[in-house]
Amino acid sequence: MARLVAVCASKVRQEPKVELPEGTCVEGKGLEGDSHFGIPGRPLSLLRREDVEQAEVLAGFPFPPGSLAENLVVEGLPDLAVGDLLEIGGALLRVAEKGKRPEEPHSYDYRGWCLLPTVGFFLEVERGGVLRPGDEVTLKR
């Protein structure tokens, strides 16, 4: 079973996101209180906990939730494909993109590390809901 490990947001772009006790997703808008709220296309970002753990081994230091500019950290998910749906806490999220296009710069890193361009996922909110760490994550293909 996959589960939500962390929900993170920041009010200002290019700053680390802060771990929250819960977050509210709004259909078509993203995560309330986050700097990407209302920006079309990729309002939410997700990293799989397993990918973060691999990077921590290579880096030799931990990556606190949100430090890599991700909104959501989920453990137990297989690799995702564009179009996959994730149900979390009543919200329904659609995978819009995996990683970033090669020509698109990534403007944030944590101690020289950034994972969103290569192993991150960008999501759109199909149905809003409240997300809390510990919530079960259901993959629908």
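Sequence positions, counted from 1, serve as the residue numbers for this chain. Keep in mind that the numbers below use all heavy atoms, side chains included, and drop hydrogens, waters and symmetry copies.
- Cluster annotation: F37 and V125 are assigned to distinct hydrophobic clusters (Ile/Leu/Val/Met/Phe/Trp/Tyr, side-chain heavy-atom contacts under 4.5 Å, transitive).
- In the hydrophobic clustering of ILVMFWY residues, with side-chain heavy atoms under 4.5 Å counting as a link, F61 and V52 come out together.
- Smallest separation of non-hydrogen atoms from E70 and P64: OE2-O, 4.2 Å.
- Not a single side-chain hydrogen bond (donor to acceptor under 3.5 Å, both in side chains) links R111 to another residue, sequence neighbours left out.
- For the side-chain contact (heavy atoms from CB on, under 4.5 Å) with C25, the lone residue among D34, I88, L31 that qualifies is L31.
- Residues forming a side-chain contact (heavy atoms from CB on, under 4.5 Å) with A55 (at least two apart in sequence, or on another chain): F63, W113, L115.
- For V130, the side-chain contact (heavy atoms from CB on, under 4.5 Å) partners two or more places apart in sequence, or in a different chain, are E22, T24, R132.
- Listed by first then second residue, pairs satisfying side-chain hydrogen bond (donor to acceptor under 3.5 Å, both in side chains) with a partner in residues 114-126 read R94-E126, not counting sequence neighbours.
- Scanning both residues, V74 and A2, for their nearest heavy atoms gives CG1-CB, 4.4 Å.
- Under the 4.5 Å side-chain heavy-atom criterion for Ile, Leu, Val, Met, Phe, Trp and Tyr, L131 and L139 are members of the same hydrophobic cluster.
- Taking the salt bridge (charged side-chain N to carboxylate O under 4.0 Å, His left out) definition, one finds that E56 meets it with R49, sequence neighbours left out.
- Inter-residue side-chain proximity for L86 and L72 is flagged as unmet; no heavy-atom pair is nearer than 4.5 Å.
- Of all heavy-atom pairs between G66 and C8, the closest is N-SG, 3.5 Å.
- The shortest non-hydrogen separation linking L20 to P133 is O-CG, 4.0 Å.
- Judged as a side-chain contact (heavy atoms from CB on, under 4.5 Å), and not counting sequence neighbours, the contacts of D51 are R48, Q54, V119.
- Interatomic distance, NZ of K140 versus CD of E87, reported as 4.0 Å (0.5 Å rounding).
- Taking CZ of F122 as the reference point, atom CG of L80 lies at 13.0 Å (rounded to 0.5 Å).
- When hydrophobic clusters are built by joining Ile, Leu, Val, Met, Phe, Trp and Tyr residues whose side-chain heavy atoms come closer than 4.5 Å, directly or via intermediates, L46 is grouped together with V95.
- A distance-only check finds a donor-acceptor pair linking the side chain of N71 to the backbone of S45 [under 3.5 Å].
- With contacts defined as side-chain heavy-atom distances shorter than 4.5 Å, the pair E19/V73 does not qualify.
- Smallest separation of non-hydrogen atoms from V7 and L4: CG2-CD2, 3.5 Å.
- Remark: the backbone N or O of G76 is paired with a side-chain donor or acceptor of E50 at under 3.5 angstrom.
- Taking CG from L93 and CG from D84, the interatomic distance works out to 12.0 Å, rounded to the nearest 0.5 Å.
- In the hydrophobic clustering of this structure, L58 groups with L116; members are Ile, Leu, Val, Met, Phe, Trp, Tyr whose side-chain heavy atoms approach within less than 4.5 Å, directly or through other members.
- When all heavy atoms of R127 and G90 are compared, the pair lying nearest together is NE-O, 2.7 Å.
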